[in-house]
Protein chains: 2
Amino acid sequence: MKNTGSPTLEDVAEAAGVSTATISRALNDPDKVAKETRERIQKAVDRLGYTPNFGGRVLASNRTNTVGAIIPSMANAMFASGLQAFQEVLAESGVTLLVASSGYDTEHEFRQIRSLMTHGADGLLLIGDERPQKTKDFLALRKIPYVISWCYRNTPDGLYVGFDNEKAAYKLTNRVLEFGHRDIAMIAGISKGNDRARNRIEGVSRAVRENTDGARLTKIVEARYRLENGAEAFDEIMSASDLPTAIICGNDVLAAGAIVRARKKGARVPDDVSITGFDDIGLASVVEPGLTTVRVPQIEMGQEAARQLLRLLSNQPATSSIEIETELVMRDSLAAPKALAV
Amino acid sequence: MKNTGSPTLEDVAEAAGVSTATISRALNDPDKVAKETRERIQKAVDRLGYTPNFGGRVLASNRTNTVGAIIPSMANAMFASGLQAFQEVLAESGVTLLVASSGYDTEHEFRQIRSLMTHGADGLLLIGDERPQKTKDFLALRKIPYVISWCYRNTPDGLYVGFDNEKAAYKLTNRVLEFGHRDIAMIAGISKGNDRARNRIEGVSRAVRENTDGARLTKIVEARYRLENGAEAFDEIMSASDLPTAIICGNDVLAAGAIVRARKKGARVPDDVSITGFDDIGLASVVEPGLTTVRVPQIEMGQEAARQLLRLLSNQPATSSIEIETELVMRDSLAAPKALAV
DNA sequence: GACATTAATGTAAGCGCTTGCATGAATCAA
DNA sequence: TTGATTCATGCAAGCGCTTACATTAATGTC
């Protein structure tokens, strides 16, 4: 893994007949160099295919213009478009994004944080706020600027750009209750080490608990983020003796898996059972019936997270956390339970 | 964007009472350091929250253990899981992945390649093989090790780990023809600057052309990678006077968009019109009717690409390109045209 | 014309790390 | 005992870059 042979500043300097300092200035602060010299330098740069050596630059300037993001998984549509938006905003400011994934494992996340710091990240984007004390200590010890996204807390410590998972789940559940459902099951994401999944469970639970008309949770099944897992969880719920009239799912993938399985088993959605999702990814509008779900404005969230992080990095006036609002998207997978509908 | 205050090797050296050289060795080549010393060093490292400075390390060792990947878009399910697999294999070898996206723009891709080189990428993963000469020259000039994925060419130059888009589309189209379809339309991805999209068009065209029983392409519409675009393209095709009995789509997203629109307009799939996809992402099994499509083994492809790249980087015996086989997945969106079915 | 000011460029130190070589201590062979 | 070998560690150069400071040339002021 040698990079031998890469042209260096010195090579360019020689080729252009000036000192390395002038080259450096021409590249970083063009105004300081005479136009004529600048053009000569540009030619030499192009001819040699020169790109500045990151190591040298970092070492000398102590700046990397790089931020890192650690997402639970790249293979999750939920993060993809937000991250894409995050990157685009960073790129506008000449900041490069390094992406790593934690596999929903907080221990692994810790390692990735260290790795990204090693690789010169000036700041970080983290997803969710559940992580071991060790990780928090490290972030504090090293005074790493970071923003937390995909969740929201109204606390003075930490900069959040995201939405309140508990509140959104609560709102959705109340809507389900308004339709007349009283026996409700939930297919949740794995809550261990995942505050978003847990908060969604909590939101559903609270809405059910606060209902004064006999609403109850028949069952909560946790499932990994795959269609099959949603399908299996559906089976588990529907093979119990205590059947729900509505199943609230922790995300759209699980909901879609459940709907497809329902269809395969001859259960009609929403006539026999209503199913709701969360996130409003593409899947939600494609599945039949269309999935009633919670729209998360991922692009807005990613963009705003990038802006806040850039702010932190440039020591601009501190901003406080930003709550992104979610929105209920009504499609056809939620309807009044049959008994009432008749 | 200052990193001031980060502990350095020297800080650790002082804390542990040894020289910087010993620390460096303890971290990179533990066997060379006495166990007792090593433990003392580890304690100091933990206490200070030390992470090696990437710049210094790169500068001194000329090795970065970092590779870059430039994908057209992160918000595209098609690349997500392959990339995730790619990253996981790299991680096993202690190699970090930097991800950038080109927005399907070859000019932008060039800039990202330069950026990744600047950031110390030892090697690259590139998607597809269509790029301007300028980019190819740069890659050659700088002797950058790279592998090209998501496509396959049987040429001696360049290391490909991917599948043959043309062949896969050809196979799929022949299957459609076998069902008796003769009037075929295509909703393709944008072919400009995108060899995968173009090759799929070519595969479809060739199969139709080679058919000796009057098969023809009624229309080819190119559309961006979004559900709505698939829907709009469907409208465009079905509003012409010359109607197809089957629509072959360049990817699953377009196909799903078309199916949903067909449903909304009361056209039955596959009775009125058959629709096929490409990629076999989650969407394909969720949409109703299930999408007949081409399965691309993304995970396998990503893993293999990572292995080949690691190989290139360690100067191991050169390997040649690897063709990943695709597979037709028959679901319900393809059937014989009604006229024949009766 | 003498001096001050400005603009363009050069000089050289030093960022944090790795590594070839040197050193010293401990162990071994004869 | 003594020279050879091994092991653990230190010394110091240098990776490619930025930047404070020095230098030189050009221009302006009175």
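In the text below, chain A, chain B and the rest are named by the order of the sequence lines, each starting its count at 1.
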Those residues that, when tested against B:T106, pass side-chain contact (heavy atoms from CB on, under 4.5 Å) (two or more places apart)
B:P132
Separation of B:Q308 CD from B:Q303 CD (nearest 0.5 Å):
12.5 Å
Residues in salt bridge (charged side-chain N to carboxylate O under 4.0 Å, His left out) with [X], at least two apart?
| X | result |
| --- | --- |
| B:E14 | none |
| B:D31 | none |
| B:E323 | B:K167 |

Starting from [atom2] on [N], measure out to [atom1] on [X] and report it in whole angstrom.
| X | N | atom1 | atom2 | value |
| --- | --- | --- | --- | --- |
| A:D31 | C:dT6 | CG | C1' | 15 Å |
| A:E10 | D:dC15 | CD | C1' | 11 Å |
| A:N53 | C:dC15 | CG | C1' | 13 Å |
| A:N65 | D:dC17 | CG | P | 16 Å |
| B:F54 | D:dC17 | CZ | C1' | 15 Å |
| B:I23 | C:dT19 | CD1 | C1' | 15 Å |
| B:M117 | D:dG16 | CE | P | 14 Å |

Is the phosphate of [N], meaning OP1 or OP2, less than 4.0 Å from a side-chain N or O of [X]?
| X | N | value |
| --- | --- | --- |
| B:S61 | C:dT18 | no |
| B:R57 | C:dG16 | no |
| A:N28 | D:dT18 | yes |

Ring pair (Phe, Tyr, Trp, His ring centres under 6.0 Å) filter on B:F110, not counting sequence neighbours, yields B:F138
Select base, sugar-phosphate, or nothing to describe what [X] touches, counting heavy atoms under 4.0 Å on all strands.
| X | value |
| --- | --- |
| A:T22 | sugar-phosphate |
| A:V58 | nothing |
| B:S24 | base |

Please determine whether the number of non-hydrogen atoms from other residues, nucleotides or ligands lying under 6.0 Å from atom CD1 of A:I190 exceeds 12.
yes
What is the per-nucleotide protein-contact pattern of nucleotides 20-28 of chain C, from the 5' end, where B denotes a base atom under 4.0 Å from a protein heavy atom, S denotes such proximity for sugar-phosphate atoms only, and - denotes neither?
B--------
Taking five pairs at each end, how big is the angle between the two axes of the helix from C:dG1-D:dC30 to C:dA30-D:dT1, to 10°?
40°
Does the B:T37 side chain pair with the main chain of B:K35, one donor and one acceptor, at a distance under 3.5 Å?
no
Could you work out, with side chain to side chain donor-acceptor pair (under 3.5 Å) as the rule, every residue matching B:E88, not counting sequence neighbours?
B:Q84
Among [options], which nucleotide has an atom closest to any side-chain atom of [X]?
| X | options | result |
| --- | --- | --- |
| A:L9 | D:dG14, D:dC17, C:dG10 | D:dC17 |
| A:T8 | C:dC17, D:dG10, D:dG16 | D:dG16 |
| B:P52 | C:dG14, C:dG16, C:dC17 | C:dC17 |

Could you note down all residue pairs passing side chain to side chain donor-acceptor pair (under 3.5 Å) where residues 128-138 of chain B supplies at least one of them, sequence neighbours left out?
B:E107-B:K134, B:E109-B:R131, B:D129-B:R153, B:D129-B:Y160, B:E130-B:R198, B:Q133-B:D137
Give, ordered by number, those residues of residues 34-43 of chain A having at least one heavy-atom distance below 4.0 Å to an atom of DNA chain D; if nothing qualifies, reply none.
none
Any pair with a residue in residues 65-107 of chain A that passes ring pair (Phe, Tyr, Trp, His ring centres under 6.0 Å), sequence neighbours left out, goes on the list, sorted by first then second residue, please.
A:F79-A:W150
Can you give the donor-acceptor pairs under 3.5 Å from side chains of residues 23-30 of chain A to other protein atoms, not counting sequence neighbours?
residue : atom : partner : partner atom : Å
A:S24   : OG   : A:N28   : ND2          : 3.4
A:N28   : OD1  : A:R57   : NH1          : 3.1
A:N28   : ND2  : A:S24   : O            : 3.0

